*Asks:* 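I am attaching a structure below and will ask some questions about it afterwards.
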Amino acid sequence: IISDLAGLPDKYNQAFTTGYWKIYRLLQMAWILWSASYIFWLSALSRTQEAKEHLEKEVAFKKAELENLRQQLNPNFVLDVLDCIKPAVYSDPAVARHMITQLSLILRYSLYQSQTDEISLDEEIKIVESYLLLEKARYGELIQVEWELHDQAYGYKVLPLTLQLLVENAIKHNMQRYPEGIYINISVGIVNNFMHLVVKNRGELVENNTGGNGLKTASERLKSVYGNQAKLTVTQTLAEEVVAKIVIPLTAQQTETSR
C-alpha cells in the first residue's frame with residue numbers, strides 16, 4: 001500500500017498523512033481520557049474502600065461500647081451495693097451518703113463514657129477508686145489494694161473503663177474462690193512510648209477462660225481505636241497470681257493538666 005501511495009500525486013500523499021495524524025491524535029486523546037477515567041475510578045474506589053473500613057470500625061466500636069455499657073450497668077452489682085448502703089443509712093448516715101455519691105459517679109460515668117473515645121488517666125483512676133470504695137464496703141479488709149502509678153503516665157489518655165474493667169474482673173472472679181481475701185496490685189507506667197495498665201491479683205485462670213465477655217469486648221474496643229498497636233493479655237504468672245495487662249500507644253494529644 002505504501003509503495004502504491006508513492007505514485008500518487010503529492011496532494012493525495014499530504015491528505016493521507018494529515019488524516020493519519022488526525023486519527024493518531026484522536027486515538028492518543030482517547031487513550032489519555034481513558035487513562036484519566038481509570039485513575040479517577042481507582043481513586044474513587046480507594047476512597048470508597050477507606051470510607052467502608054472507617055464505617056466498619058465505627059460500627060464495631062459502637063457495638064463494643066453498647067456491650068460494655070450493658071455490662072457496667074449489671075443490676076447485681078448495683079443491688080449488692082444498695083444492700084450495703086441500706087443498713088448504713090441508720091447506723092452511719094455520713095458513710096451511706098458517701099457510698100451513694102460514689103455509686104452515682106460510677107453510673108453517670110458509665111452512661112456518658114460513650115460520648116468520648118478517650119479520657120484522662122486521672123479521670124479513669126478516680127472511677128477505679130470509687131469502684132474499690134464500694135467493693136471494700138462489701139468485703140472490708142478482704143480486699144487489699146496496692147497502687148503503683150508512675151508520674152510520667154499522668155497527662156495521657158486512656159479508653160474509658162478499661163483499667164476499671166481489669167480491677168472489676170480481678171474481684172469478680174476471685175472473691176468467692178478465696179474467702180480469706182485477695183490482694184490487687186494496680187500499676188500504670190510508660191514503656192517505649194506505650195502505656196501499660198497492669199492489674200496483678202491473687203487468682204487462678206480457669207482453662208479456656210481468660211476473663212469472659214467483658215475482656216473480649218474491651219479487646220475489640222482497643223482494636224477499633226488503636227488497631228494492632230494495642231493489646232490485652234491475661235496470663236498466669238505464679239501458682240496463685242494472674243496478671244491482666246493492657247498496652248496502648250501514647251496519644252499525641254495530652255490533657256491540659258498532669259501530675
Side-chain angles (χ1 to χ4, degrees), residues 67-89 91-92 95-111 113 124-149 158-188 196-219 221 232-246:
E67 177 63 19
N68 186 64
L69 178 60
R70 183 189 68 79
Q71 293 176 15
Q72 289 302 319
L73 295 179
N74 186 340
N76 290 331
F77 169 72
V78 177
L79 291 175
D80 289 342
V81 171
L82 290 176
D83 284 340
C84 293
I85 293 174
K86 185 167 58 176
V89 170
S91 61
D92 197 335
V95 170
R97 285 194 298 270
H98 187 56
M99 291 178 66
I100 291 172
T101 299
Q102 302 308 311
L103 179 60
S104 176
L105 285 174
I106 293 175
L107 294 179
R108 187 180 296 112
Y109 187 79
S110 298
L111 286 170
Q113 58 91 15
E124 179 73 5
I125 287 175
K126 288 176 182 177
I127 291 302
V128 174
E129 290 174 339
S130 295
Y131 174 78
L132 285 171
L133 185 146
L134 294 175
E135 290 289 39
K136 286 178 75 68
R138 295 172 60 193
Y139 297 109
E141 297 303 315
L142 295 179
I143 299 178
Q144 297 296 320
V145 180
E146 179 184 16
W147 290 85
E148 295 181 24
L149 304 177
V158 298
L159 285 187
L161 298 173
T162 47
L163 183 59
Q164 186 274 338
L165 176 63
L166 298 186
V167 175
E168 178 184 352
N169 197 66
I171 295 174
K172 180 172 63 176
H173 290 287
N174 293 290
M175 280 307 301
Q176 292 184 349
R177 183 176 299 161
Y178 302 102
E180 69 276 18
I182 64 171
Y183 76 89
I184 299 175
N185 177 278
I186 305 169
S187 67
V188 181
H196 288 230
L197 308 170
V198 184
V199 173
K200 299 179 183 179
N201 61 273
R202 183 186 184 188
E204 184 177 348
L205 281 179
V206 179
E207 187 177 358
N208 298 325
N209 181 12
T210 57
N213 292 331
L215 294 184
K216 180 181 178 181
T217 301
S219 182
R221 292 175 64 211
L232 190 161
T233 59
V234 182
T235 56
Q236 184 88 45
T237 56
L238 299 175
E240 288 191 339
E241 182 180 85
V242 175
V243 177
K245 178 189 293 186
I246 290 176

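Just so it is clear, the model here is predicted, and its values are computed rather than measured.
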*Asks:* Holding to side-chain contact (heavy atoms from CB on, under 4.5 Å), I want the full list of residues that pass it with Ile143, two or more places apart in sequence or in another chain.
*Replies:*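 With neighbours one apart ignored, the set is Glu135, Lys136, Tyr139, Val145, Ile171, Met175, Ile184.
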
*Asks:* So, using salt bridge (charged side-chain N to carboxylate O under 4.0 Å, His left out) as the criterion, who are the partners of Glu124 when residues are at least two apart?
*Replies:* none

*Asks:* Please report the interatomic distance NZ(Lys172) to CG(Leu165), rounded to the nearest 0.5 Å.
*Replies:* 7.5 Å

*Asks:* Which distance, rounded to the nearest 0.5 Å, do you find between the CG of Leu163 and the CD1 of Ile127?
*Replies:* 11.5 Å

*Asks:* Taking only residues two or more places apart in sequence, or in another chain, which ones meet Asn174 in a side chain to side chain donor-acceptor pair (under 3.5 Å)?
*Replies:*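 Not a single residue meets the side chain to side chain donor-acceptor pair (under 3.5 Å) criterion with Asn174.
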
*Asks:* Show every donor-acceptor pair shorter than 3.5 Å between a side-chain atom in residues 97-106 and any protein atom, with sequence neighbours excluded, or say none if there are none.
*Replies:*
from: Thr101; atom 1: OG1; to: Arg97; atom 2: O; distance (Å): 3.0
from: Gln102; atom 1: OE1; to: Ser130; atom 2: OG; distance (Å): 2.5
from: Ser104; atom 1: OG; to: Arg108; atom 2: NH2; distance (Å): 3.1

*Asks:* Taking only residues two or more places apart in sequence, or in another chain, which ones meet Glu204 in a salt bridge (charged side-chain N to carboxylate O under 4.0 Å, His left out)?
*Replies:*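 Checked Glu204 against salt bridge (charged side-chain N to carboxylate O under 4.0 Å, His left out); zero matches.
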
*Asks:* State, to 0.1 Å, how close Leu232 and Ser219 come at their nearest heavy-atom pair, and which atoms those are.
*Replies:* CD1-N, 4.2 Å

*Asks:* Set out, in order, the CA-CA distance, both residues' side-chain angles and the distance that settles side chain to side chain contact (heavy atoms under 4.5 Å, CB included) for Val128 and Trp147, then state yes or no.
*Replies:* CA-CA 11 Å; Val128 174; Trp147 290 85; 3.5 Å; yes

*Asks:* What's the separation between atom OG1 in Thr162 and atom CG in Leu197, rounded to the nearest 0.5 Å?
*Replies:* 5.5 Å

*Asks:* If you compare all heavy atoms of Ala137 against all heavy atoms of Cys84, which two are closest, and at what distance to 0.1 Å?
*Replies:*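 Shortest heavy-atom contact: O-SG, 4.2 Å.
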
*Asks:* At what distance, to the nearest 0.5 angstrom, does CG of Asn169 lie from CG of Asn201?
*Replies:*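 It is 8.0 Å, given to the nearest 0.5 Å.
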
*Asks:* With Asn185, which of Glu146, Gln144, Lys200 fulfils side-chain hydrogen bond (donor to acceptor under 3.5 Å, both in side chains)?
*Replies:* Glu146

*Asks:* Could you check whether any side-chain N or O of Arg221 sits under 3.5 Å from a backbone N or O of Pro160, counting only pairs where one atom can act as donor and the other as acceptor?
*Replies:* yes

*Asks:* Nearest 0.5 angstrom please: Glu241 CD to Tyr183 OH, how far?
*Replies:*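 Rounded to the nearest 0.5 Å, the CD-OH separation comes to 3.5 Å.
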
*Asks:* Any non-hydrogen side-chain atom of Leu132 less than 4.5 Å from a side-chain atom of Ile186?
*Replies:* yes

*Asks:* How long is the gap from CG on Leu161 to CD on Glu168, to the nearest 0.5 Å?
*Replies:*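 Here the rounded value is 9.0 Å.
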
*Asks:* Only counting residues at least two apart or in another chain, list the ones meeting salt bridge (charged side-chain N to carboxylate O under 4.0 Å, His left out) with Glu180.
*Replies:*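 By the salt bridge (charged side-chain N to carboxylate O under 4.0 Å, His left out) rule, Glu180 matches Arg202.
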
